[in-house]
Amino acid sequence: MTNSPWSPSSWRAKPVRYIPDDYPDLGALARVEAELARLPPLVHAEEVRRLREALGQVAEGKAFLLQGGDCAESFKEFSAANVRGTFQLLLQMAGVLTFAGGCPVVKVGRIAGQFAKPRSNATETLNGVTLPSYRGDIINGMEFDARERTPDPQRLLRAYHQSAETMQLVRDFAREGYTDLTRLLGHRPESEGAVRPVDFFTSHEALLLNVEQAMTRADEATGGWYDTSAHMLWIGERTRQLDGGHVEFMRGIQNPIGLKCGPTMEPDDLVRLIDTLNPQGIPGKLTLIGRFGSDQVAARLPRLMAATRRHGSPVVWSIDPMHGNTHKASNGYKTRSLERILAEVMGFLQVAAAEGVHPGGLHLEMTGQDVTECLGGPLDVSEDDLSDRYHTHCDPRLNADQSLQLAFRVADGLHTTVKAPQDRAA
C-alpha cells in the first residue's frame, strides 16, 4: 500500500500503458483536456455514493450485480433506439434474475463512456501498408486510412458530448420506470398509472487517464474526489500494475472501482491491490471481475477467492465470461460461444459455493441489437451466420436472445448453488 500524496494528476509520474502518445499536436490535446475540465459533470457525487451503497449490499451477499453493454461504443451506431435497446435488455435480464433467482439486482451499464480499447498490437498491416491500430472512436477511426488512424483530440470532445446525450436518454428511460418491464415479464403494475423509477448506473474502463483526470472534481459536500465521467470505473487486465498510472489514479477517487482479474493474477498481488485501492475496507468500493476462460476458471479462481476470504476486505466478486472465451472462427470472424460463456459462469458459481464466497455479479458484452456475433443461443447462430449482422467495432457481443437465455440459466444456477445450500442449512 502506498502512502504517497495523491492528486488527480499524480498518475502522470507513473508508467502508463495503452494511452496514445502519438498525437501530432500536443498543444491541441492540452487545449481539449482543459475544455473537458470546464464541461459539466456527466454524473453526480450523490449518485456515485448511492451505487457504492448498493454494491455494499452485494458485498454482504444480499444483492447481485449485473453489468453489461457494448464492447466499445461508436459514433456511427449511436441512436436513441440503440441506447434504449441496451437499457431495456439489461432491465429484462435484471427482472429474470430478480423474479427467477430471488435476488435484488444492481444494474450498471457499460455505456455513456465506453469508447477506448487497449489493443495487443500498436500497428496493423494490410496489403503491405502499416498503420496505427484502431483504438476506439474516442481516439481514431476504424477505416484503414492514414488520416482516419491518426489520433485526433477532437474525438475526445465528441465522445464527451455523445456520452452526455446518452446519459440524458438513460435518465429519461429510468424515469419511465418498471411499467414496461413488468408487462414484458407477464406482471401487472400495482395500478395502471404506477411508475417506479429505475436505479441505473454507468461504467467504463478508465483507460484514458488524461480524460479521467479532466472529469475528476472535488465534491463540495464531502471534499472527496469523484470522477464524474461515470458512476463506476474499472481497471483492465492489462493496466493493473501496482506501480502503474492506472492504479495510482484509481486509488484516489471515491467512485466504486472494478479490477479485472485474469489467469496470470497471483493471490499476493491481488491482496496488495486490494490494500492499495480500498485501504479503508469500504463495502461496495471494490469489485473484483474474474475473466479466466471456461477452461481455466476452476483452476485459477479458487486461490484468489480463498485469498480475499482470508484477507477479510468486503469485496464484490463478479465474473466476466466474455474475454477468456474469444476465438477466431474458421471464416476469420472473432467470435465467442454461448456454451463456453455459460460454462465459465457456472464454474464461477461452483467455485464461489466451494469457497464460501458470495457470487456477486456478471459482467457482459452484449447489445439489444439483433446481431450475429456470438455462436449458439435460441436461434443457434452458426459460423456461417456470423457475416449476416456482425456490427461490433471491437469484440463480439451477445444479442438479446442469447443474453436472456444466459440470464435464465444464471438465475437457475444461483438458485442451485446459492439458495439450495442455504435452504438445506436452514
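Predicted model only: the values in this text are computed from it and were never measured.
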Please check if any side-chain donor atom of [X] sits under 3.5 Å from a side-chain acceptor atom of [Y], or the reverse.
X	Y	result
Ser318	Thr287	no
Asp384	Ser382	no
Thr335	Glu383	no
Asp172	Gln168	yes
Asn325	Glu344	yes
Asp412	His415	no
Glu73	His204	no
His393	Tyr134	yes
Asn210	Glu33	yes
Ser9	Gln213	no
Ser403	Arg397	no

What are the two closest heavy atoms between [X] and [Y], and how far apart are they?
X	Y	value
Phe78	Val83	CE1-CG2, 3.9 Å
Leu66	Leu90	CD2-O, 3.5 Å
Asn278	Lys285	OD1-CG, 3.4 Å
Thr276	Arg251	O-CB, 3.6 Å

Note, [X] side chain near [Y] side chain (heavy atom, < 4.5 Å):
X	Y	value
Lys117	Arg135	no
Thr264	Glu237	yes
Val48	Pro256	yes
Thr98	Pro104	no
Leu169	Phe87	no
Asp199	Leu51	no
Asp275	His311	yes
Arg240	Lys260	no

Measure from the side-chain N and O atoms of [X] to the backbone N and O of [Y], and report whether any donor-acceptor pair falls under 3.5 Å.
X	Y	result
Ser203	Met232	no
Glu373	His391	yes
Asn140	Pro151	no
Thr239	Ile235	no

Count the heavy atoms belonging to other residues, nucleotides or ligands that lie under 6.0 Å from CZ of Arg409, then report whether that count exceeds 12.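 For Arg409, atom CZ is not crowded (no more than 12 foreign heavy atoms under 6.0 Å).
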Pairs flagged by ring pair (Phe, Tyr, Trp, His ring centres under 6.0 Å) wherever residues 333-357 is involved - sequence neighbours left out: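 Sorted result for residues 333-357: Tyr333-Tyr390.
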Could you check whether Arg84 makes a cation-pi contact with Phe173, meaning its NZ or CZ is under 6.0 Å from the centre of the six-membered ring and within 45° of the ring axis?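 Output yes; distance and angle both within limits.
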Students often mix this up, so state it plainly: with edges at 30° and 60°, are the rings of Trp234 and His363 parallel, tilted or perpendicular?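 Judged by the thresholds at 30° and 60°, the geometry between Trp234 and His363 is perpendicular.
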Taking only Lys NZ, Arg NE, NH1 and NH2, and the carboxylate oxygens of Asp or Glu, determine whether Asp395 and Arg336 approach each other closer than 4.0 Å.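 Here Asp395 pairs with Arg336 in a salt bridge, since their nearest N and O are under 4.0 Å apart.
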According to salt bridge (charged side-chain N to carboxylate O under 4.0 Å, His left out), who are the partners of Arg49, at least two apart in sequence or on a separate chain?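 Here the qualifying residues are Asp219.
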Here's a test for you: under side chain to side chain contact (heavy atoms under 4.5 Å, CB included), which of Val357, Leu277, Thr308, Leu270 qualifies with Val315?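 Between Val315 and the candidates, side chain to side chain contact (heavy atoms under 4.5 Å, CB included) is satisfied uniquely by Thr308.
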Does the ring centre of Phe75 sit less than 6.0 Å away from the ring centre of Phe115?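 Phe115 vs Phe75: aromatic centres under 6.0 Å.
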